[in-house]
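Lettering of chains follows the sequences in order, A, B, ..., and the numbering in each one begins at 1.
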Amino acid sequence: MNGGNKGFTLIELLVVAGLFGGLITLVTGIFIASLNVERNILMTKKVLGEISYSAEYMSRALRMAQKDYLGLCIGESNSYELTGRGGLKFVNALQDYKCQEFYLDNGQIKTDIEGVVGDLTSSGITVDKLDFNISGASGTSDNLQPFVMLYIESFAQKSSIIKVQTSVSQRNPDIR
Amino acid sequence: MKERGATLYFAVIIMSILMAAVFSLSSLVLVQIQTIKSMGNSIIAYYAADTGAERVLDDLYQSIFDDDGEYDSVDLDNGSSYKVWITQPVGGALPNIPTSGACNAQYYCIKSVGTYNNTRRAVEVSG
C-alpha cells in the first residue's frame, strides 16, 4: 500500500472488536432494562389511576349513605352493613336512595346497584384486598356517627403493590 | 501514521456518543421512577390526611375537644401516618381548642397532614 498505512494486526483487531462488543452489550443491556422499568412505571401508573378513582368513587358514595329506615336494603335503621362476600352494603342518596354494594370479585372491585353490576377497576390490575371496617353504623342507640375504614391493596403485573387506606364518615347526621 | 491516529479519535468519539446516549436514557428513566414514586406516595399520603380530618370531625361531632389543639401522630396499617391540628377563630365558643387569628371560619379550622415515605399532603377543613 502507499505511505505508512500497513493495516492492523490480528491482536489489534481482536482488542478493538472485544471492546466494541462489550460496549454494545452494555448499551443494549441498559436499553432493555430501561424498557422494562418503563413498562413497570406504566403499570404502576395504571394501578395508581384506577385505585385513586375507585377510592374517590367509594368514599363519595359512602359519605352520602342514608340510614335504611325501612330495612329494605340492610337491617332496619342501619347505615352500613358488611355482606357475606366481604363487601359493604348501604342506601346511597346519590343513586336515588337505591341499595348499593361494593365488593371484591376475582381481583376486581365491583359495585352492585340493585342488580346492576359495574366494575370500578379493570381486569388489567389485581386488587388483592378490599377491607371495610365499620363503626357506629347500627341502629340509633349507639350515639355514634357511622364511620367506615376502607383499605385497598392492589398491583398489576410487575408493578409495585399500592396500599391505600382512608376513613369516611356519613355526612347525614345520625344522632341529635 | 496520520491516519492511524485518526482511527483512535473516531473510536473515542463513537464511544462517547454511545455513553452519552446511555447516560441520558438512564437519567430519563430515573426521573420517571422518581415521579411515579412520589405520585404513588402522594396519593397514599392524601388519603391518610383525609382520614385525620374525618377522625377529628368525628371527635367534634361527639363533643370530644382536644386539650391543646394538637393531636398525636397516628400510624395507619399501610405505613402512612397523619397528624392533625385544630384551631378556632378568636372569640370562638369551643372549650380547650386554641384560638387563631388565621382561622377564618365560624367554628373551627382543621389542618391534617398525611405522610408516607417522606411525602406529605395536607388537607384543611373549616366549618
**Asked** When the ring planes of A:F90 and A:F102 are compared, do they come out parallel, tilted or perpendicular, using 30° and 60° as the limits?
**Response**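 Because their plane-to-plane angle lies in the 30° to 60° range, the rings of A:F90 and A:F102 count as tilted.
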Quick check: are there more than 12 heavy atoms from other residues, nucleotides or ligands sitting under 6.0 Å from [atom1] of [X]?
{"X": "A:R171", "atom1": "CZ", "value": "yes"}
{"X": "A:Y97", "atom1": "OH", "value": "no"}
{"X": "B:M15", "atom1": "CE", "value": "yes"}

**Asked** What residues of residues 108-127 of chain B sit under 4.5 Å from chain A when you count only heavy atoms?
**Response** none
**Message:** Check A:D112 with A:R85, please: is the shortest side-chain N to carboxylate O separation under 4.0 Å?
**Reply:**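 A salt bridge links A:R85 with A:D112.
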**Prompt:** chain B heavy atoms under 4.5 Å from A:E153: which part of the residue, side chain, backbone, both or neither?
**Reply:**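 Contact with chain B involves no heavy atom of A:E153 at all.
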Is chain A contacted by the side chain of [X], its backbone, both, or neither, given a heavy-atom distance below 4.5 Å?
{"X": "B:L25", "answer": "side chain"}
{"X": "B:I14", "answer": "side chain"}
{"X": "B:I33", "answer": "both"}

**Request:** Taking heavy atoms only and a threshold strictly under 4.5 Å, list by residue number the residues of residues 19-49 of chain A that touch chain B; give 'none' if the list is empty.
**Result:** A:L19, A:F20, A:L23, A:I24, A:V27, A:I30, A:F31, A:S34, A:V37, A:E38, A:I41, A:T44, A:K45, A:L48
**Message:** If hydrophobic clusters are built by linking Ile, Leu, Val, Met, Phe, Trp and Tyr wherever their side-chain heavy atoms come under 4.5 Å apart, do B:V22 and B:L28 end up in the same one?
**Reply:**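 As far as the 4.5 Å side-chain criterion goes, B:L28 and B:V22 are not connected within one cluster.
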Going by heavy atoms in the side chains, are [X] and [Y] under 4.5 Å from each other?
{"X": "A:I113", "Y": "A:N92", "value": "no"}
{"X": "A:L150", "Y": "A:L88", "value": "no"}
{"X": "B:F65", "Y": "B:L60", "value": "yes"}

Just by distance, with hydrogens left out, do [X] and [Y] show a side-chain donor and acceptor under 3.5 Å apart?
{"X": "A:Q170", "Y": "A:S79", "result": "yes"}
{"X": "A:T121", "Y": "A:E50", "result": "no"}
{"X": "A:Q108", "Y": "A:S123", "result": "no"}

**Prompt:** If you count heavy-atom pairs under 4.5 Å between each of A:K163, A:E56, A:Q165 and chain B, which one has the most?
**Reply:** A:Q165
